[in-house]
Amino acid sequence: MKILEERILKEGKALSDSVLKVDSFINHQVDPMLMDEMGKDFAEHFKDRNITKVLTIESSGIAPALTTAAHLGVPMIILKKQTSKILSGDVYQTRITSFTKGTSYELTLYKSYISKEDNVLLIDDFLANGEAAMGGSRLIEEAGAHLAGIGILIEKSFQRGRKRLLDAGYDVYSLARIAKLAEGVVEFVDDIEE
Ligand code: 5GP
């Protein structure tokens, strides 16, 4: 998506060969107009999949998931990051290790918000090793629902997440795909020979 790539080039900061900071428009300050454009793009891409719910992971997935859900006309569900297991039968939980922080948390979904009839679109801000998305998919499958697609704002294509998700049979659609990061350098997949 051209406007996202341009924004990354203008304001994104490659901190190393693996981490990109986009705090000025996605992760800390949020650009609502860009979020709306991205939501429209996801909704257009997945419009024929009979999506009944959009799921995301708190907190940076919420803004694009909300605009996507609004354009599709369906509810959005926020998967919560809990520090410990909830000992009740009301929730589905799965353990995730965070790429950026190196910490672990219990990704949590209340059973009352999902059912076997749901056809789910999962939205997140970044795809790195695929831990968060694979965790989301485990919860959706545990609920007996169907994961109809995964929408990502920024995919770091040089990390293993995309391959993991494709190997698991999921449809992955990313708005910006980064081929290479280095201090002060960002190259997109389309810029180079694939
Ligand atoms: P994964 O679970 O795919 O390994 O990592 C994805 C999650 O880690 C995303 O939800 C995002 O919050 C965070 N993340 C991974 N890489 C980056 C990055 O380069 N920049 C930022 N800002 N977040 C990242």
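Atoms within a ligand are numbered from 1 in the order they appear, just like the ligands themselves.
Taking every non-hydrogen atom of L20 and a distance limit under 4.0 Å, the qualifying atoms of ligand 1 come out as 18 (C), 19 (O), 20 (N), 21 (C), 22 (N). Counting the atoms of ligand 1 from 1 in the order shown, those under 4.0 Å from a heavy atom of S18 are 19 (O). Contact atoms of ligand 1 toward D124: 9 (C), 10 (O) (distance under 4.0 Å to a heavy atom of the residue). Here is the list of ligand 1 atoms found below 4.0 Å of a heavy atom in N27: 22 (N). Listed by number with element, the atoms of ligand 1 under 4.0 angstrom from any heavy atom of A132 are 2 (O). Taking a cut-off of under 4.0 Å to the non-hydrogen atoms of V19, the atoms of ligand 1 that pass are 19 (O). In the vicinity of A128, heavy-atom distances shorter than 4.0 Å reach the ligand 1 atoms 1 (P), 3 (O), 4 (O), 5 (O), 15 (C), 16 (N). For ligand 1, the atoms lying closer than 4.0 Å to a non-hydrogen atom of E131 are 1 (P), 2 (O), 3 (O), 4 (O).
V74 approaches T52 most closely through the heavy-atom pair CB-O, 3.3 Å.
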Item to check | Test log, rule side chain to side chain donor-acceptor pair (under 3.5 Å), inputs E11 and S24 | outcome: CA-CA 7 Å; E11 294 180 34; S24 66; 2.4 Å; yes
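Shortest contact from atom 21 (C) of ligand 1 to any protein heavy atom: F126 CE1, 3.3 Å. Looking at atom 24 (C) of ligand 1, its nearest protein heavy atom turns out to be T100 CG2, 3.4 Å. Counting only heavy atoms of the protein, atom 4 (O) of ligand 1 lies nearest to N129 N, 2.8 Å. Closest to atom 8 (O) of ligand 1 among all protein heavy atoms lies F99 CB, 3.9 Å.
Of the inter-residue distances, the one linking E131 atom CD with T97 atom OG1 reads 5.5 Å to the nearest 0.5 angstrom. In this structure, CG in L55 is found 9.0 Å from CG in L107, a value given to the nearest 0.5 Å. Expressed to the nearest 0.5 Å, how far CG of L109 lies from CZ of R138 amounts to 13.0 Å.
Residue K21 places no N or O, backbone or side chain, under 3.5 Å from any N or O of ligand 1. Residue-to-ligand polar distances place G130 within reach of ligand 1: an N/O pair is separated by less than 3.5 Å.
Connection of I8 to M35 is established within a shared hydrophobic cluster, with ILVMFWY side chains joined at heavy-atom distances below 4.5 Å, either directly or through further cluster members.
Between the side chain of K156 and the backbone N or O of S18 there is at least one donor-acceptor pair closer than 3.5 Å.
The closest approach between K156 and ligand 1 falls below 4.0 Å for a heavy atom of the residue. Ligand 1 has at least one atom lying under 4.0 Å from a heavy atom of D125.
Salt-bridge annotation for K85 and E106: present, with a side-chain N of the basic residue lying under 4.0 Å from a carboxylate O of the acidic one.
The side chain to side chain donor-acceptor pair (under 3.5 Å) test with S157 is passed by exactly one of R160, E155, Q159: E155.
Between Y173 and F42, the ring planes lie perpendicular to each other; the angle is over 60°, past the 30° to 60° tilted range.
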